[in-house]
Structures are given as structure tokens and as C-alpha cells.
A.B. asks: 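What follows is a single structure, and I will ask about it in a moment.
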Amino acid sequence: MKRALATALVGSVTLAVASPCAAQTSTCYRLGNVASCTVGPGAGDNPAERRYSGFQEVERLRDKNEEREEARQYQGLREEVGALVADGRCADARKTALRAGDFALADRAGSMCEAPARRR
């Protein structure tokens, strides 16, 4: 009786543990005396879900590249306006910033040019 109960108990535990793991894979590694395992989705993943996540990654990278390009263009505009201010061509510096639509930079360029004129 005890043996039958023990066998039934071990069988049900084995079934309960094996069932959820059938669709999952585990990755384990050992570093020194520390072992670590992670459980992730197995080969039974939905192909449409994998494809969609790939599209999301492409979109995220495209957005990141666009942000990087905008920052590079803004830095180029600031360098151009700064060079014009350094040459004393304040009107051209303001016009360049206004053509780019950066009103704050145009105001800064104008205030930088007015400051030396006021000191004289």
C-alpha cells in the first residue's frame, strides 16, 4: 500500500514537472562554483510572433538612427552658426538659424553679437 502510494505520488510529481517544461528550453552555465540556469520559450514558438518581434526590432533601430541623424544635423547647424558668429557675421548667423527653424539658436546668436557692441 505504501509502495503504491509512493509510486503514484512520484508519478504525479513527474507528470506535473514534465508537462510545463515540454515547450520550454533551459540554458545553464557554470562560472566557478556558481551555476545559473534560465528557462525560456522552446522551439515551439509561434513563427508569426517571432517575425513580429523582428519587425519591432527593425523599427526600434530605425527610430534610433533617425534620432542620431537629427542630433548630427543639429550639431552641424550649431557649428555653422558658431563659425558665422566668430567671423562677426551676426546677421548671417541669425538668418541661418531662422532658416533652419531654430528660434532659440537665432536669439542666442543675436545676443552674442549684441553683447560686444554694448560694451564699447
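One-based numbering along the sequence shown.
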A.B. asks: For Ala109 versus Ala93, what's the shortest heavy-atom pair and its separation?
C.D. replies: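 Where Ala109 meets Ala93 most closely, the heavy atoms are CB-CB, 4.2 Å.
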A.B. asks: Go through the structure and list residues passing salt bridge (Lys or Arg N to Asp or Glu O under 4.0 Å) with Glu70, not counting sequence neighbours.
C.D. replies: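 Scan of Glu70 (salt bridge (Lys or Arg N to Asp or Glu O under 4.0 Å), adjacent residues dropped) gives none.
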A.B. asks: Go through Glu69 and Arg72 one step at a time and tell me if the salt bridge (charged side-chain N to carboxylate O under 4.0 Å, His left out) criterion holds.
C.D. replies: CA-CA 5 Å; Glu69 182 64 21; Arg72 189 189 63 75; 2.4 Å; yes
A.B. asks: Quick check for you: to the nearest 0.5 Å, what is the distance between Asp63 atom CG and Arg68 atom CZ?
C.D. replies: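 Asp63 atom CG to Arg68 atom CZ measures 11.5 Å (nearest 0.5 Å).
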A.B. asks: With the threshold set at 4.0 Å, does a side-chain nitrogen-carboxylate oxygen contact exist between Arg60 and Glu57?
C.D. replies: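 Salt bridge flag = yes for Glu57 with Arg60.
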A.B. asks: State which residues pass side-chain contact (heavy atoms from CB on, under 4.5 Å) with Arg62; sequence neighbours excluded, sorted by chain then number.
C.D. replies: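 For Arg62, the residues satisfying side-chain contact (heavy atoms from CB on, under 4.5 Å) (neighbours in sequence not counted) are Val58, Glu66.
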A.B. asks: For residues 77-90, run the donor-acceptor check on the side chains, cut-off 3.5 Å, and write out each pair with its distance to 0.1 Å, sequence neighbours left out.
C.D. replies:
residue	atom	partner	partner atom	Å
Glu79	OE2	Gln75	NE2	3.4
Arg89	NE	Asp92	OD2	3.1
Arg89	NH2	Asp92	OD2	3.1

A.B. asks: What pairs with Ala104 under side-chain contact (heavy atoms from CB on, under 4.5 Å), at least two apart in sequence or on another chain?
C.D. replies: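 Listed in chain order: Asp102, Arg108.
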A.B. asks: Residues in side-chain contact (heavy atoms from CB on, under 4.5 Å) with Gln56, at least two apart?
C.D. replies: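 Counting only residues at least two positions away or on another chain, Gln56 forms a side-chain contact (heavy atoms from CB on, under 4.5 Å) with Tyr52, Ser53.
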A.B. asks: Taking only residues two or more places apart in sequence or in another chain, which ones pass salt bridge (Lys or Arg N to Asp or Glu O under 4.0 Å) with Arg99?
C.D. replies: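 Listed in chain order: nothing, the list is empty.
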